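For reference, the structure is listed below as structure tokens.
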There are 2 protein chains.
Amino acid sequence: MTARAAAHAHTSHNHRACIDDALATARELCATRGVQLTPLREKVLHIVWRSHKPMGAYEVLDELARSHKAARPPTVYRALDFLMAEGLIHKIESLNAYLGCIEAGAPHSGQFLICQKCGATEEIVDPKLETALEAAARRAHFQPVRKVVEISGLCARCGK
Amino acid sequence: MTARAAAHAHTSHNHRACIDDALATARELCATRGVQLTPLREKVLHIVWRSHKPMGAYEVLDELARSHKAARPPTVYRALDFLMAEGLIHKIESLNAYLGCIEAGAPHSGQFLICQKCGATEEIVDPKLETALEAAARRAHFQPVRKVVEISGLCARCGK
DNA sequence: GCTCTTGTTGTTATGTTGTACCATCCGCAT
DNA sequence: ATGCGGATGGTACAACATAACAACAAGAGC
Ligand SMILES: [Zn+2]
Ligand SMILES: [Zn+2]
Ligand SMILES: [Zn+2]
Ligand SMILES: [Zn+2]
């Protein structure tokens with residue numbers, strides 16, 4: 001398990017390591033796949049990774065525009081679409097926001113614990129939950145393609 | 001199990017029975033709770049129940065406006081908010097759309113199988129999946145409040 | 001009857017999220 | 001040099017959702 005994956009979103013940790021790890025992994029993956037992690041896309045990935053709270057596209061845009069005057073909505077959405085296609089970020093559907101993936105390279109839809117109080121969102125990888133999802137679909141003769149699992153509530157720290 | 005709950009979204013069935021059942025259940029529940037299922041709200045519920053495909057708020061608005069000239073976005077969103085609060089419909093987060101609940105009266109967040117080809121969306125009630133969600137949250141010391149589960153893919157009919 | 005309160009609906013305007021479409025630029029292969 | 005495909009620039013607009021205040025209707029208490 002990487003330092004990044006070991007860190008929990010709601011706990012204090014060396015977040016610089018999260019970012020560095022995420023960017024390094026992204027560069028490796030894109031190089032291997034022969035796709036371009038351009039400076040613009042890397043910048044957007046960096047912005048999304050600034051926290052463990054899902055970030056809205058227009059928040060990303062505001063941040064990006066500070067150093068990139070030409071930034072417009074399509075600029076951001078194209079970068080986000082690329083990063084999602086490469087499995088480097090996830091979209092949190094219930095928030096219309098985006099979050100860095102902690103398991104980039106391993107194709108998955110993502111399972112999330114979203115704290116309603118502090119906003120911190122932790123991506124979990126739970127094989128039993130995955131199995132239960134597959135079983136539920138199978139029971140209905142349904143072929144799953146994308147599985148959205150977003151649990152909102154109170155994180156360990158806020159729920160005390 | 002009611003006739004409504006027994007019907008699968010992707011199969012042909014007597015859909016009038018779905019609607020009648022849903023409206024009757026809604027009237028009972030609201031009467032019991034002492035909340036007002038007004039003609040407007042009932043009309044919106046009826047519109048949402050016209051199919052087993054999640055319906056966007058503006059689609060509902062277009063339909064509603066045919067018989068209710070004063071209808072505006074807030075008209076529809078207020079009715080949808082009421083119906084959600086009473087557990088009569090669900091919002092499908094990954095589609096920004098709304099769907100009638102097949103188990104109104106039993107508080108739950110809903111679990112959905114969304115066909116990407118035909119659009120039919122089936123609400124399932126899977127205790128094992130529910131257990132797995134609870135367990136995953138517990139493992140992270142997370143207190144779940146709302147659980148969004150939306151599996152997109154191909155339904156039994158379209159996946160053949 | 002009156003009026004206070006609460007809940008519902010009417011109405012206008014605006015905020016937020018996401019795309020369509022075409023132009024331009026750049027690296028690379030022919 | 002020419003053409004091609006991928007990436008970005010830039011304008012406009014579509015789709016989804018809410019804020020804020022006015023109007024109205026029904027029941028409770030006087
Ligand atoms: Zn971190
Ligand atoms: Zn992930
Ligand atoms: Zn039906
Ligand atoms: Zn339901």
Side-chain angles (χ1 to χ4, degrees), chain A residues 26-27 29-31 33-48 53-86 88-99 119 148 150, chain B residues 26-27 29-31 33-48 53-86 88-99 119 148 150:
Chain A
R27 281 186 284 257
L29 275 175
C30 290
R33 293 171 181 170
V35 297
Q36 304 178 49
L37 185 63
T38 62
L40 178 60
R41 290 165 173 174
E42 185 169 331
K43 177 70 179 172
V44 168
L45 181 59
H46 192 277
I47 290 171
V48 169
K53 301 181 187 181
M55 203 165 183
Y58 279 69
E59 283 181 84
V60 174
L61 175 55
D62 288 345
E63 191 59 37
L64 179 62
R66 298 165 70 90
S67 63
H68 189 92
K69 298 293 186 184
R72 298 285 182 279
T75 315
V76 167
Y77 279 103
R78 283 190 295 232
L80 292 173
D81 287 346
F82 170 85
L83 295 170
M84 280 193 289
E86 297 302 324
L88 300 171
I89 63 173
H90 294 287
K91 179 175 186 183
I92 307 299
E93 296 288 354
S94 57
L95 298 176
N96 293 321
Y98 305 82
L99 185 68
V148 173
E150 300 174 8
Chain B
R27 281 187 282 256
L29 275 176
C30 290
R33 293 170 181 171
V35 297
Q36 303 178 48
L37 185 63
T38 61
L40 178 60
R41 290 165 173 173
E42 185 168 331
K43 177 70 180 173
V44 168
L45 180 59
H46 192 278
I47 290 170
V48 169
K53 300 181 187 181
M55 204 167 182
Y58 279 69
E59 282 181 86
V60 174
L61 175 56
D62 288 345
E63 192 59 37
L64 179 63
R66 299 167 70 90
S67 63
H68 189 91
K69 296 293 185 183
R72 298 285 182 279
T75 314
V76 167
Y77 280 103
R78 284 191 293 231
L80 292 173
D81 287 347
F82 170 85
L83 296 170
M84 279 193 287
E86 297 303 323
L88 300 171
I89 64 173
H90 294 286
K91 180 175 184 182
I92 307 300
E93 295 288 354
S94 58
L95 297 176
N96 293 320
Y98 304 82
L99 185 67
V148 173
E150 300 173 7

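Here the structure is a predicted model, which means the values were calculated and not measured. We name chains A, B, ... by the order of the sequence lines, and we start the count at 1 in each one.
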Exercise. Are any non-hydrogen side-chain atoms of A:M84 and A:D81 less than 4.5 angstrom apart?
Worked result: yes
Exercise. Hey, does B:Y98 reach any base, or is it just sugar-phosphate, or nothing, if we go heavy atoms under 4.0 Å?
Worked result: sugar-phosphate
Exercise. Over how many whole Å does the gap from A:Y77 atom OH to C:dT17 atom P extend?
Worked result: 7 Å
For this session: Report yes if the side chains of B:T38 and B:F82 come closer than 4.5 Å at any heavy-atom pair, otherwise no.
Result: no
Problem set entry | Earlier contact from the 5' end, DNA chain C, for B:T75 and A:N96 | B:T75
Seminar exercise, completed: A:M55 CE to C:dG18 C1', in whole Å, measures 17 Å
For this session: Strictly below 4.0 Å, heavy-atom distances to any atom of DNA chain C: list the hits from residues 33-42 of chain B, or just say none.
Result: B:Q36, B:T38, B:L40, B:R41
Problem set entry | Considering all heavy atoms, the nearest A:P54-A:G119 contact | CD-O, 3.6 Å
For this session: Using heavy atoms to find the nearest nucleotide of DNA chain C for B:A70 and A:K91 separately, return the residue whose nucleotide is more 5′.
Result: B:A70
Exercise. Just wondering, do A:T75 and A:V44 contact through their side chains at under 4.5 Å, heavy atoms?
Worked result: no
Exercise. What are the two closest non-hydrogen atoms of B:A57 and B:L80, and how far apart are they?
Worked result: CB-CD1, 3.9 Å
Exercise. Under 4.0 Å between a side-chain N or O of A:H68 and OP1 or OP2 of D:dT8?
Worked result: no
Seminar exercise, completed: B:R72 CZ to D:dA22 P, in whole Å, measures 18 Å
Exercise. Rounded to whole angstrom units, what separation is found between the CD atom of B:E59 and the C1' atom of D:dC16?
Worked result: 12 Å
Exercise. Rounded to the Å, how far apart are A:E93 CD and C:dT16 C1'?
Worked result: 16 Å
Problem set entry | Distance in angstrom units between A:L80 CG and C:dT17 C1', rounded | 12 Å
Exercise. Does the base of C:dG18 carry an N or O that pairs as donor and acceptor with the side chain of A:R78 under 3.5 Å?
Worked result: no
Exercise. So, does A:E150 use its side chain to make a donor-acceptor pair with the main chain of A:E93 at under 3.5 Å?
Worked result: yes
For this session: Work out which heavy atom in A:A71 is nearest to a heavy atom in A:L64; give both atom names and the distance.
Result: CB-CD2, 3.8 Å
Exercise. Is there a donor N/O on one and an acceptor N/O on the other, under 3.5 Å, for the side chain of B:Y58 and the base of D:dA14?
Worked result: no
Exercise. Given atom CG of A:L61 and atom P of C:dT19, what is their separation to the nearest angstrom?
Worked result: 15 Å
Problem set entry | Nearest-angstrom distance from the residue atom CG of A:D81 to C1' of D:dT8 | 14 Å
